[in-house]
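Report on one structure; see the data block that follows.
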Amino acid sequence: MTPFVGRHAALARMLAAGRAGRAGAGPRRAGLVLVSGEAGIGKTALLGRFAAECHPSTVLWGAGWDDARAPAWWPWTQALRVLPPDPRLTAIVGEPGPAAGDDARARVFAAVSEALERIAPVVVILDDLQWADDTSVSLLKFLTRQPRTRPLLLVAAYRPDELPPGVLTGLAEPAESIALSGLGPAETGDLVRAIAGDTAARQWAPAVHTRSDGHPFFARELCRLMEAGGSTGDVPVAVREVIGRRLARLPEGCADLLDAAAVAGPVLRPDVLADVGAPTAEPIEAALAAGVLTGGADAPVRFAHDLFRETIYAALPARRRVELHERVGSALQRRHERGAPVFPAELARHFAAAVPLRGSGPAVTWAHAAAEADAGRYAFAEAAAHLRRARTAVTDAGARLPDADLVRLLTAEAGLRLRAGDAAAARALLDVAWRPAGTDAGLLALVALGLDSVGARFAMPRTELITALETARHALDGLGTPAEAQVTAALARQLQHSVPADRPRAAPYAERAVAIARTLDDPVTLASCLLARHDLLWTPGTGAERVLIATEIIEAARAAGDPERQAQGFLLTANAHLENGSAAFRAAFGEFAYLTESLRQPRHDYLLRTRQAALALLDGALETGERLIAEAAVLGEEVGDSDTGNVRMSQRLEVVRARNDPDELRRTAAEAVRWWVGAPAHAHAVAAGFLARAGDLGAARREVETVRALPDWRADRSYLWSVFVGELTAAAIALADRDLCALLLADLEPLAGTCAVNGALVCFMGAHAHRVGLLRAALGDPAGAAESLRVALDVHERLGARLWADETRRALATLGPGTGATICRSGEMWRVSYRGHAAYLRDCKGLHDLSVLLARSGAGVTALELAAGGGPVLLDRVAGEPTLDATALRAYRRRLADVAGDERERLLDELRRATRPGGAVRPLGAGNAERARKAVTARIRDAIRRIETVLPEFGRHLDRSVRTGHLCRYDD
């Protein structure tokens, strides 16, 4: 047994962490200890000693396995098998079954947390974390964040030089981190003494420390070598040489056993080794006695250290290694046929290595089985690696896969890479798969549907993708199969989301796809085809019909067990409700968010974050919305989502519009033109609206004329049309373009009961009634404008759209009854209009005052309130009233006798301001109200003179209708 030497300080820190986790009561977080160090440095020995001292805590132990055959969850599989049976933990401790819904992973995480809570206090030790799969690490991170009522200590050990980048993100900061390094000279002497005695320690310890640098494993092996007659000069440079000499002393027959065991894995299974033809009983006993193997009795037999297995495996001749992989794979397959537990990943690994002997068939078969098993455990990157390994093994063997096998491997791996958040890798694999697909309809469908899943940026030409789908659809035409329906539906959607010229071709394909799907008993296909119909219908004013289609998509997805499509259906439902002005959108959004969180996939995390940003903007939380937009953009770039920039730009429009900063409006206008090159009418309309808001009317006019010069500016009715028409409306009103205002009003009036929503709840952009009201006001219909704006205000308040409600109130406030008199802010300028004529003036305080008076026509507004400009009103005292009465003055003077220092000086300053030099009380001067009257009167009259220079009739009207004084008033 290896002595415990030199790690007492580290042990004390671990025990202290355990005690800290047990102290106190109430909610707490799990404790976390991270132990790091290179191979053989003593991590496992430290963990073992710590576990022995953890009484009365329950100790669960698992370890990573440096082998691609290791299935997902492997460390947790070992650690949790001692727990009472729980069907929710089957994905971890049971046999791999068919792939479950992705939301099951969240339930597995929760089940593990609850199980550990029930047996607390508990310590979970995970050794060799560097070999753990991503899903196992995710579970560890999950447990560290969950509030608990009973103690849980998580201990993980790893080799830092073998740890993949980013594994410890979110873990290292709250953890007790213990880094093990080599032993010091005295500690190395203690180790030598424990192994070989006092005499050996005196003779060898200095040399052992020098040659091993205190590395416990090297030092221990060197001591044993020297015990066998070696000398310090014989110390190997590499540990494999030390192990090789030690193995050479084993009895005859051990070599065959250890060769087979090194190929089979770290844990020895006697039935597999016997089936391979390796002797087991006596060689195992000899290897146990020599310390090469450990375990026995009730514990599984395994290599005492992974370096033993690694050294043996590396020393095998290439031909023998391949033969052993083939024999072990065949033995495991027979074990599987007997009903004994075997992970598909094990078979996939062995048959991939055995391709030179067995060919590609078993490697491909078991690679698909292993990928399906790991995908069912939500370990998508690990699942994809099985498929890649099979392809690489065939190539390395100088063989060639049949085209059908190659295409299926490539498309399956692409789908898994996409779910793991690597869209670029997925696209590259699909590009490779296209050529070997040839003219085979089924293979073309696989590749084309894979390309459709990767997607493309909205409103940009997607010629290659459409060509691929058309080629596949042509090969499938008339078969009436699910593949034909799905490819046809995908083609319809891609045409619809392409540039405007492509969209008219989409409708026949969508109808054909749904017609085929209705003949099939296949809810997966039906959901896909209904999505195409939904997207074809996706234009303003169709929300009610789209709710019905989205509901059918949800039901079909639920029947198919497809939570991704189900979440998509709820998002489309929420979007349609929001377009309809229904507060029911929040309930549908809640369902979407719940399902999307349960999927625990990077690309769905991105999707959810973007929609949370949209909701924050709708609620008026601009800062929160901006933060979420930035976070979503980072996630989108990481997963390679093709529409990341488009979504970010669309949401930024609402932030910039709400801020109304002229410089930012101009920058965004220029960015819109650069960004939406595939939809020029949309781009230039956005630029026109933003430039008009900034007061740059000449540039806004140029953008409007650009839009009008485009042949399709009136024809395109995509789901971006609401943004297009909204910004063109802002420009038309600012430019006093009555013809364009009338045209836009005719387009918007049929939609006055609905709302503008950009994309699938990418951004809410106000009720259409709001813009109808603004257009009516610009066309000289103040009564109709007020009616529409009141409708818009009701919608905004019902939806909780705070900023839009405020904007509608301001628009209502600018309406003058019966005359069409309006004064409203437009960027840095003020727009004044009267009886169908409008002009723009630079900002001045009097225009602020007049806009308030017109909004409260017939009601008096105090000069004090106008002077405050929306701030707190300062109430007057009567002129001549004393600043302090006699009682207050006496109180101040008595207080002076009791204070000193700074407080006394402050009191004296107050008294000096309130009294004359002789001590008499000063009276107040002119009141605040009088000062406000004079200031407000002067600035209102100045503003009226300015208006009269550009709109003489309006100026004369205001001169007659506005009264100033302590109480100001506008009477129409």
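Note that the structure is a prediction, hence the values are computed from the model and not measured.
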Donor-acceptor side-chain pairing of His768 and Arg771 below 3.5 angstrom: no
Should the pair Arg603-Glu638 be classified as a salt bridge under the 4.0 Å nitrogen-to-oxygen rule? no
Any side-chain donor paired with an acceptor under 3.5 Å for Trp804 and Glu654? yes
Arg388 side chain reached by Leu429 side chain, heavy atoms, under 4.5 Å: yes
Verify the distance criterion only: is there a donor paired with an acceptor across the side chains of Gln568 and Arg565 at less than 3.5 Å? yes
Could you check Trp434 against Thr471 for side chain to side chain contact (heavy atoms under 4.5 Å, CB included), going step by step and ending with a plain yes or no? CA-CA 11 Å; Trp434 184 255; Thr471 301; 4.0 Å; yes
His682: which of Trp675, Trp676, Phe724 passes ring pair (Phe, Tyr, Trp, His ring centres under 6.0 Å): Trp676
Calculate, to the nearest 0.5 Å, the distance between atoms OG1 and CD belonging to Thr624 and Glu626 respectively. 10.0 Å
Between the side chain of Arg391 and the main-chain N/O of Leu410, is any donor-acceptor distance below 3.5 Å? no
Pairing of Arg609 and Asp605 as salt bridge, 4.0 angstrom limit: no
Carboxylate-amine/guanidinium proximity below 4.0 Å for Arg427 and Glu464: yes
Parallel, tilted or perpendicular: which describes the rings of Phe343 and Trp74, with under 30° parallel and over 60° perpendicular? perpendicular
Could you check whether Trp366 and His336 have their ring centres less than 6.0 Å apart? yes
Can you confirm whether the side chains of Glu579 and Thr754 place a donor and an acceptor under 3.5 Å from each other? no
Within the side chain of Asp403, is there an N or O that forms a donor-acceptor pair under 3.5 Å with the backbone of Ala437? no
May I ask you to say whether Asp619 pairs ionically with Arg586, meaning some side-chain N is under 4.0 Å from a carboxylate O? yes
In terms of side-chain geometry, is the basic nitrogen of Arg558 or Glu555 positioned less than 4.0 Å from the acidic oxygen of its partner? yes
Taking 4.0 angstrom as the limit, do Glu552 and Arg518 come out as a salt bridge? yes
Closest non-hydrogen atom pair between Leu479 and Glu484, with its separation: N-OE1, 3.1 Å
Salt bridge or not between Asp422 and Arg417? Use side-chain N to carboxylate O under 4.0 Å. no
Carboxylate-amine/guanidinium contact Asp747 Arg714, below 4.0 Å: yes
